[in-house]
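What you see is a predicted model, and the numbers here were worked out from it, not measured in a lab.
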Number of protein chains: 2
Amino acid sequence: MSSDTRDRLLQGTIDALRTQGIAGVSARTIAAAAGVNQALVFYHFGSVDELLAAAAMWSTEQQVAAYREPFERVRSLRELQKVGRELHTRESAAGNVTVLGQMLAGAQTNPAFAAATRDALALWTVEIERVLARVLADSPLGEVADVPGLARAVAASFIGMELLAAVDPEGDKAAFRALDQLGALLEYLDDLGPASRAAARRAVRTAVRRSVRA
Amino acid sequence: MSSDTRDRLLQGTIDALRTQGIAGVSARTIAAAAGVNQALVFYHFGSVDELLAAAAMWSTEQQVAAYREPFERVRSLRELQKVGRELHTRESAAGNVTVLGQMLAGAQTNPAFAAATRDALALWTVEIERVLARVLADSPLGEVADVPGLARAVAASFIGMELLAAVDPEGDKAAFRALDQLGALLEYLDDLGPASRAAARRAVRTAVRRSVRA
DNA sequence: GTCTATAGCCGGATAGAC
DNA sequence: GTCTATCCGGCTATAGAC
């Protein structure tokens, strides 16, 4: 059946990307991982590059759907960190975030990949924006924060740390601990009284204006 | 002269990595970029992989040396952000950070690359640790912060955002603006009076203990 | 140290049988 | 839709002349 083979190829592409990396994927390695004939890559997707682009979107859509519900339940920065940590632990073991890292690396020198990767990444940032907007709604940051920008910073940092984890697991753990501290500091600001919060708000506003000029 | 050819190959590797990515580098593309014969890759470095590992260290050593002085002059979080932004702008245009991203992508499936990339990355984190320790010395964060962890988070995020910049320049700009806001918030904490700072310190300590248990 | 030449493998992609 | 067979180009690596 056609749609079955298509799905096998998409999943095979993700598996190949995970085990071989962007430098090691080929129509042959993908077909082997998918358990189908090599020529079918070209019949169904035209070229290896087009298959890679399609697989990035396909895989990301599935993952984002799986985390939509946990994200919905998040009500505080602390809970967001907890979900983020779980996502990192689970998907790091499954190797699903690495796939985006590999695509991102390939995208640096391949405009077609760049478009596909940007779209796949956008699926994540949309969700992160939603959560951040809700979580920051009551904090001093919420009124001035560039939530879309923050969402992109979170997504980019996440991928960077995912790539780091493979070469330096201890460093990765330490980095996550440090980010927890940062979150704790921000939550502390939320718990300040009205006067201090107003001062914090002013400080951030001033700093933002300064950074926009720079 | 031998050392001349070695250097040409090292620089050619960086150039090839920048223009072709990890998926596109080969003894042939490297030799072409270096302007030397292809067989010299194997004479001087044994294999393409060994040349890539050597080039990652070689290039990173140069870059870190170039930023040692600006880093030395940094006295506040604000100044650190300014230097970081300059580094991002300049090296993004020159494509020197992308090289580490490409190595990191290759390292996910190649243990030899992983070791080389960890070592190259360590050159950066050592410098960042030094600056962070100095900058945070007088803040509530300084006493409890996991400075090595924070340095690794900064390095990983930097590479993630560098990779993002190529596929989404606007998103990258927005992400940097958001991080400036974060820095502004942290600086605000530094400017609090002694009573508030003591409270912030306690909040962070409690949160850190909580996150260590988790 | 540097070059040419080449062995031998793996890659993308297609033609054409079924 | 799926398969086999194949073209052809680029790849790593080495042998051997200079």
Participant: So, OP1 or OP2 of C/dT2: does either fall under 4.0 Å of a side-chain N or O from B/Thr5?
Facilitator: yes
Participant: Among residues 102-110 of chain A, which contact DNA chain C at a heavy-atom distance under 4.0 Å?
Facilitator: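 Going residue by residue through residues 102-110 of chain A, none turns out to have a heavy atom under 4.0 Å of DNA chain C.
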Participant: Looking at B/Phe71, is its backbone amide N or carbonyl O close enough to the side chain of B/Glu127 to form a donor-acceptor pair, meaning the two atoms are under 3.5 Å apart?
Facilitator: no
Participant: Without decimals, in angstroms, what is the distance between A/Phe42 CZ and D/dG1 P?
Facilitator: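 Distance, rounded to whole Å: 18 Å.
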Participant: Using a heavy-atom cut-off of 4.0 Å across all strands, would you classify B/Val48 as base, sugar-phosphate, or nothing?
Facilitator: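 Since only primed, P, OP1 and OP2 atoms lie under 4.0 Å of B/Val48, the category is sugar-phosphate.
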Participant: Write down the distance between CD1 (B/Ile30) and P (D/dC11), rounded to a whole number of angstrom.
Facilitator: 10 Å
Participant: Over how many whole Å does the gap from A/Gln38 atom CD to D/dC7 atom C1' extend?
Facilitator: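 Distance, rounded to whole Å: 13 Å.
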Participant: Does A/Arg73 use its side chain to pair, donor to acceptor, with the backbone of A/Glu69 at less than 3.5 Å?
Facilitator: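 No, the answer is negative, given that no donor and acceptor are paired below the 3.5 Å cut-off.
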Participant: Determine whether a donor-acceptor pair (N or O, by modelled atom type, separation under 3.5 Å) exists between the side chain of A/Glu129 and the backbone of A/Ala151.
Facilitator: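 No, because the side chain of A/Glu129 does not come within donor-acceptor range (under 3.5 Å) of the backbone of A/Ala151.
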Participant: Using a strict cut-off of less than 4.0 Å between a Lys/Arg side-chain nitrogen and an Asp/Glu carboxylate oxygen, indicate whether A/Glu86 and A/Lys82 qualify as a salt bridge.
Facilitator: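 Yes.
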Participant: Without decimals, in angstroms, what is the distance between A/Leu9 CG and D/dG1 P?
Facilitator: 13 Å
Participant: Atom CG of B/Asp4 to atom C1' of C/dG1: distance rounded to whole Å?
Facilitator: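 Going from B/Asp4 (CG) to C/dG1 (C1'), I get 12 Å.
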Participant: Can you name the residues that form a ring-ring contact (aromatic ring centres under 6.0 Å, His included) with B/His88, not counting sequence neighbours?
Facilitator: B/Phe158, B/Phe176
Participant: Using a cut-off of less than 4.0 Å, is there contact between a side-chain N or O of B/Ser26 and OP1 or OP2 of D/dC11?
Facilitator: yes
Participant: For A/Ile22 and A/Gly106, work out which heavy atoms get closest and say how close.
Facilitator: CG1-CA, 4.2 Å
Participant: Would you mind reading off the distance between A/Asn37 atom CG and D/dA5 atom C1', rounded to a whole angstrom?
Facilitator: 11 Å
Participant: From C-beta outward on B/Ser47, which listed nucleotide comes closest to its side chain: D/dA13, C/dA13, C/dG1?
Facilitator: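 Output: D/dA13.
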Participant: Got a second to check how far B/Leu185's CG is from A/Leu182's CG, nearest 0.5 Å?
Facilitator: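 Those atoms lie 9.5 Å apart.
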Participant: Please state how far atom NE2 in B/His44 lies from atom P in C/dG1, giving the value in whole angstrom units.
Facilitator: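 Whole-Å distance recorded here is 6 Å.
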Participant: Between C/dC3, D/dA5, D/dT2, which one does the side chain of B/Leu40 approach most closely?
Facilitator: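 Closest nucleotide to the B/Leu40 side chain: C/dC3.
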Participant: Checking contacts here: which listed nucleotide (C/dT2, D/dT2, D/dT6) is nearest the side-chain heavy atoms of A/Arg28?
Facilitator: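 Ranking C/dT2, D/dT2, D/dT6 by closest atom to the A/Arg28 side chain puts D/dT6 first.
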Participant: Heavy atoms from C-beta onward define the side chain here; which of C/dG12, D/dA13, D/dC3 lies closest to that of A/Ala39?
Facilitator: D/dC3
Participant: Whole Å only: how far is the OH atom of A/Tyr43 from the C1' atom of C/dA17?
Facilitator: 15 Å
